[in-house]
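Numbering of ligands and ligand atoms starts at 1, following listing order.
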Amino acid sequence: MTSTTPTDPAPDDWDGAEDAPGFATRAIRVGHRRTGESEHSEPIFATSSFVFASAAEAAARFAGEQAGNIYSRFTNPTVRAFEERLAALEGGESCVATASGMAAILSVCLGLLKTGDRILAARSLFGSTTMLFDKYLARFGIRTDYVPLSDLSAWETALERDGERRTRLLFCETPSNPLTEMVDLRQLAALAHRHGALLVVDNCFCTPALQRPLALGADIVVHSATKYLDGQGRCVGGAVVGDRKRVGEEVYGVLRTAGPTLSPFNAWIFLKGLETLELRMLAQSRAAAELAEWLQRQPAVERVHYPGLANHPQHHLVGSQQRTGGAIVAFAVRGGREAAWRVIDATRLLSITANLGDVKTTITHPATTTHGRLTPEQRAETGIGEGLIRLAVGLEDPADIRADLEYGLNLPNHQVE
Ligand SMILES: *Cc1c(COP(=O)(O)O)cnc(C)c1O
């Protein structure tokens, strides 16, 4: 199997760009092996299977004695191009693409965990991730305990209370959704390793353009490519990046056998998305930072959560861990749900949707959508109040985004539409 892992390129046709120091160069160039047709853009290999020159060659491929494609559940050249490009951007040895972000997280768990293992996770996680851990993995005897993301001593205490169970994985997203809380990844990785565990980071919000968890000590990065890697809200996909043994063999083995593989068409869209990833992340971060500053000055706004603001509790990690504050801004308005809904409903330009990572700016009310399934106590504990609004800032003219919010923020309190 090792001879056909997705990131095992034949050295003779390697294009050399993977060693380029420039992030943008790797994002544009890595992974494409030009075919005999001399195409400039990456081709889509829309084929389920591949043919062999002879029965002996088929036998050698199936036996793993000869590298090469067999079937698109195992490998596909377009999917492999995306995997190689993302591996080069995250700085990982291996990458495995998956049908969705959730399939990436599931595949990591299936590949690396067994009954009796324990996951220690941050309390603020993407809702389906929590559901996967608590409802499904729990059925197979894998328990998950939760700690506050940025509280390193809480992680440490929970690790020390391990008891009979073996904590195999630490799992987090940083910055968190929607409050943009951050954890020091260098310290968390060191803590995981001291306790014989692996650190898995969902790098969805920053992408490798802003943050490279593997370089900070994390063992595995997972992605929902659906968000910023695509960047234009077109399709669903995911990826796992890490070392050759765990990702290239163990996680890949799950993909190859269980089949949550990425389609070549979606892989091609993500390849195009990666080409502009850095440009988009920097421009969207710049617009988000401007908006956050402006929101802070609005009388109707109680509090703004944005890593780039000096009053953010983990502001010191901007620059040392993540390159910018990112493109997500959360803010609380005075007047609770009624006031928050009024701001959302007064927008004409912004999209009212729970998705993020698009060039189109999106606006959400977390307490009644993405975090609606939490009990009021859980929401209070995680700080997601009724007045909170989340913006995922896109690429429109920032002045237009501001004007769209300004109208709702300035409506008098009694004026309910
Ligand atoms: C969207 C998202 C996921 C899940 O990804 P899908 O592609 O929707 O399966 C996981 N983690 C985070 C942080 C997300 O935003």
Side-chain angles (χ1 to χ4, degrees), residues 79 82 86 90 95-110 119 121-137 144 146 149 169-183 185 200-211 213 218 220-241 251 255 258-263 265-267 269-270 273-274 281 284 307 322 326-330 351 353-358 362-364 366 369-373 382 384 390-394:
V79 175
F82 167 63
L86 186 59
E90 286 285 4
C95 173
V96 175
T98 57
S100 68
M102 289 317 302
I105 298 170
L106 174 66
S107 302
V108 167
C109 295
L110 286 179
I119 301 171
R123 196 168 280 148
S124 44
L125 285 187
F126 185 67
S128 298
T129 307
T130 309
M131 184 80 99
L132 171 67
F133 292 170
D134 291 346
K135 182 167 176 194
Y136 296 101
L137 294 186
T144 306
Y146 297 92
L149 174 67
L169 297 184
L170 268 53
F171 191 100
C172 73
E173 296 164 17
T174 178
S176 72
N177 179 18
L179 294 174
T180 71
E181 186 188 350
M182 294 180 278
V183 65
L185 286 175
V200 182
V201 178
D202 182 333
N203 201 24
C204 176
F205 273 34
C206 274
T207 83
L210 303 185
Q211 171 173 276
I220 290 172
V221 164
V222 292
H223 270 288
S224 169
T226 316
K227 314 294 167 51
Y228 291 104
L229 303 191
D230 172 2
Q232 294 182 56
R234 295 165 292 195
C235 62
V236 173
V240 182
V241 191
V251 177
L255 258 287
T261 31
L262 183 64
S263 87
F265 184 76
N266 289 2
I269 289 178
F270 297 140
L274 289 180
M281 292 311 291
Q284 290 176 229
Q322 62 178 68
I328 308 287
V329 181
S351 312
T353 167
N355 200 23
L356 60 95
D358 203 302
T362 64
I363 188 164
T364 319
T369 60
T370 53
H371 294 71
R373 264 188 270 183
T382 43
I384 296 160
R390 188 196 71 192
L391 287 176
V393 180

S.K.: If you compare all heavy atoms of Glu90 against all heavy atoms of Thr207, which two are closest, and at what distance to 0.1 Å?
M.R.: OE2-C, 4.5 Å
S.K.: Give a yes or no on whether the backbone of Cys206 and the side-chain of Gln322 come within a donor-acceptor separation of less than 3.5 Å.
M.R.: no
S.K.: Please find the pair of heavy atoms, one from Leu262 and one from Val79, that lie closest to each other, and give the distance.
M.R.: O-CG2, 3.5 Å
S.K.: If I compare all heavy atoms of Thr362 with all of Leu356, which pair ends up nearest, and what's the gap?
M.R.: OG1-CA, 4.2 Å
S.K.: For Arg373, is the CZ atom crowded, meaning more than 12 foreign heavy atoms sit under 6.0 Å from it?
M.R.: no
S.K.: Could you pull out every N or O of ligand 1 that sits under 3.5 Å from a protein N or O, with the distance for each pair?
M.R.:
| unit_1 | atom_1 | unit_2 | atom_2 | d |
| --- | --- | --- | --- | --- |
| ligand 1 | 5 (O) | Ser224 | OG | 2.9 |
| ligand 1 | 7 (O) | Gly101 | N | 2.9 |
| ligand 1 | 7 (O) | Ser224 | OG | 2.8 |
| ligand 1 | 7 (O) | Thr226 | OG1 | 2.6 |
| ligand 1 | 9 (O) | Gly101 | N | 3.0 |
| ligand 1 | 9 (O) | Met102 | N | 2.9 |
| ligand 1 | 11 (N) | Asp202 | OD2 | 2.6 |
| ligand 1 | 15 (O) | Lys227 | NZ | 2.6 |

S.K.: By ring pair (Phe, Tyr, Trp, His ring centres under 6.0 Å), which residues pair with Phe171, not counting sequence neighbours?
M.R.: Phe133
